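What follows is a set of notes on a single structure, which appears directly below.
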Protein chains: 2
Amino acid sequence: MTLAQKAYDALRHDIIRGELPPGRPLRLADLGERYGMGFSPLREALNRLQAERLVTAESLRGFRVAPLSLDELHDATSLRIVIETEALKASIKNGDDAWASGIVSSLYALNVQAARTGPEADIWTLEKRHHAFHRALLAGCNSPWTLEFFERLYAATERYRIPVLLASARPVGRDVQAEHGALAEATLDRDADKASVLLEQHYLRTVEDLAEVISSSKGVPLPVRQTV
Amino acid sequence: MTLAQKAYDALRHDIIRGELPPGRPLRLADLGERYGMGFSPLREALNRLQAERLVTAESLRGFRVAPLSLDELHDATSLRIVIETEALKASIKNGDDAWASGIVSSLYALNVQAARTGPEADIWTLEKRHHAFHRALLAGCNSPWTLEFFERLYAATERYRIPVLLASARPVGRDVQAEHGALAEATLDRDADKASVLLEQHYLRTVEDLAEVISSSKGVPLPVRQTV
DNA sequence: GCAACAGAAATTTTCGAAAATAAATGAAAT
DNA sequence: ATTTCATTTATTTTCGAAAATTTCTGTTGC
């Protein structure tokens, strides 16, 4: 693995987790210190991240962590619904046993982690398994372009969920794991219409909860307003 | 404009037009000669293009122009239909007068160019106006994410159309400009259902024609099969 | 006080060379 | 003839410094 790839992974990781907060200028000298490398691999990584909209760039003025906004959250969620309900239908149509098994196992792992309390309850493992579950649902769609856009939008929306998770703001009156279970069940039953509706509702509820918590700004250190 | 931006524009241009054919290794020494610059800006541009899937990269083995395949053409077209029919509906719902005017003017410019013959009939102007027309249709959707994916998929599918255009393989039994006209008319009439169907048919016919010409390979210098 | 400007400092961008790795070549052995 | 291995060549990757540009700071003039 080259240094440029390590830089890409590390920067992406730190941006998505909010360790590099939205709007933060990404100075090459700082990054070189932080990740222990020279400018070349860092600039290559930043260029990739710019193409993925996780970083913004301005000519001769360097790079910044891409800002967040409620508008973007709604936009990304709407598009996720369009793309993923279609991908889910395609998966239900085309998915084989390996695809179905993937859903079962990733749902199991997700539920196990969601049930943990105390020191084992770490949100990074939970988040990783949540991602794996949603990817498993669509894995049968047989469309590389769809899967790429899924990953892009997942990363984009993950940036909004993580600060809320970190503030341990639990959604009230909502059993997220039950939603995942019902979604998996309808999918494995090959009930495309039901599964699509459940997926859409899952995302709409999530964005509602997030928008609620973020706009009331109760204890969530989310710099939605970037004063440039 | 920095050299890295120039490199990005030039490489993107040459890849989409097929002047750098699919699968071609992109050696830094060659590119440095071709575009008159050093390695740094070239590598930055290549990293952006890699993120956009116009270029492939292998660790320590450099970059290549991304290959083409009929599978990818079908995949990209299917996803375009999903995303763009939805975006068109949203535009019809939200679009203002400026949006509608944009459709009228871009359609006019496209038709003018399509009618030209002789020395004025240049496919690059035609292609540019075709792109502008399709972008104008969706410009009212008010969704930056949708527009980004539109641009990605437009570029991806443009790579398949251009070799066919260059071989001046005219689609038989098809009046493409009439399709554009009908599509614009339904859109301006705010008939979302009709416009969506017309857009879908427009893409399905195009991919049919392309697949026909490409797989029969009649005079189309399209290296669909990349022997790596 | 503050606007305009000059100079200094900080920062990005680019180059040229060095280091690291892969690919090609050719000699030796079987 | 073919494989194996060492050597050379080609190529990518990375660094460190130079060049270009922006940003900051303090001074002058009003």
Side-chain angles (χ1 to χ4, degrees), chain A residues 1-15 18-67 223 225-228, chain B residues 1-15 18-67 223 225-228:
Chain A
M1 179 175 263
T2 65
L3 283 179
Q5 286 169 58
K6 284 188 190 131
Y8 171 81
D9 289 343
L11 277 164
R12 187 175 189 279
H13 177 274
D14 292 350
I15 290 168
E19 286 163 31
L20 293 169
R24 156 91 56 98
L26 296 166
R27 301 246 165 66
L28 289 165
D30 297 346
L31 297 178
E33 177 118 11
R34 182 182 179 109
Y35 300 115
M37 57 185 70
F39 290 176
S40 305
L42 287 169
R43 287 185 61 85
E44 292 184 19
L46 289 166
N47 273 281
R48 285 177 65 183
L49 292 164
Q50 177 199 3
E52 295 178 17
R53 302 278 189 271
L54 288 173
V55 152
T56 62
E58 236 183 321
S59 208
L60 293 175
R61 299 188 51 188
F63 300 89
R64 290 169 174 266
V65 178
R225 298 263 165 270
Q226 278 311 307
T227 55
V228 180
Chain B
M1 178 174 264
T2 64
L3 282 180
Q5 286 169 55
K6 283 188 191 135
Y8 171 82
D9 289 343
L11 277 163
R12 187 174 188 279
H13 177 274
D14 291 351
I15 290 168
E19 286 164 31
L20 293 168
R24 157 92 54 100
L26 296 166
R27 300 248 165 66
L28 289 165
D30 297 346
L31 298 179
E33 177 118 11
R34 184 182 178 108
Y35 300 115
M37 57 185 69
F39 291 176
S40 305
L42 287 169
R43 287 185 61 84
E44 291 183 20
L46 289 166
N47 273 281
R48 286 177 64 183
L49 293 164
Q50 178 198 4
E52 296 179 15
R53 303 278 189 271
L54 288 174
V55 153
T56 63
E58 234 183 322
S59 207
L60 294 175
R61 297 186 52 186
F63 301 87
R64 288 169 175 268
V65 178
R225 298 265 164 268
Q226 277 310 310
T227 55
V228 180

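Convention: sequence-line order gives letters A, B, ...; per-chain numbering from 1. Values in this document were obtained by computation on a predicted structure and should not be read as measured data.
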Atom-to-atom span, CZ of Arg27(A) to C1' of dA9(C) - whole angstrom: 13 Å

Length of the CG-P vector between Asp30(A) and dA10(C), whole Å: 13 Å

Heavy atoms, side chains only, cut-off 4.5 Å: are [X] and [Y] in contact?
X: Asp14(B); Y: Val65(B); answer: no
X: Arg48(B); Y: Arg48(A); answer: no
X: Gln5(B); Y: Ser59(A); answer: yes

Please round to the nearest 0.5 Å and tell me the distance separating atom [atom1] of [X] and atom [atom2] of [Y].
X: Leu49(A); Y: Arg53(A); atom1: CG; atom2: CZ; answer: 12.0 Å
X: Phe63(A); Y: Gln50(A); atom1: CZ; atom2: CD; answer: 6.0 Å
X: Thr56(A); Y: Arg61(A); atom1: OG1; atom2: CZ; answer: 10.5 Å

Checking all strands, does [X] fall into the base, sugar-phosphate, or nothing category for heavy-atom contacts under 4.0 angstrom?
X: Leu28(B); result: base
X: Phe63(B); result: sugar-phosphate
X: Ser40(A); result: base
X: Leu42(B); result: nothing

Terminal contacting nucleotides, 5' and 3', DNA chain D versus chain B (heavy atom, 4.0 Å): dT11(D) to dT14(D)

Sub-4.0 Å heavy-atom contacts from residues 53-61 of chain B onto DNA chain C, ordered by number: Leu60(B), Arg61(B)

Donor-acceptor contact present, side-chain Arg64(B) to main-chain Gly23(B), <3.5 Å: yes

Residues forming a side-chain contact (heavy atoms from CB on, under 4.5 Å) with Arg27(A), sequence neighbours excluded: Pro25(A), Asp30(A)

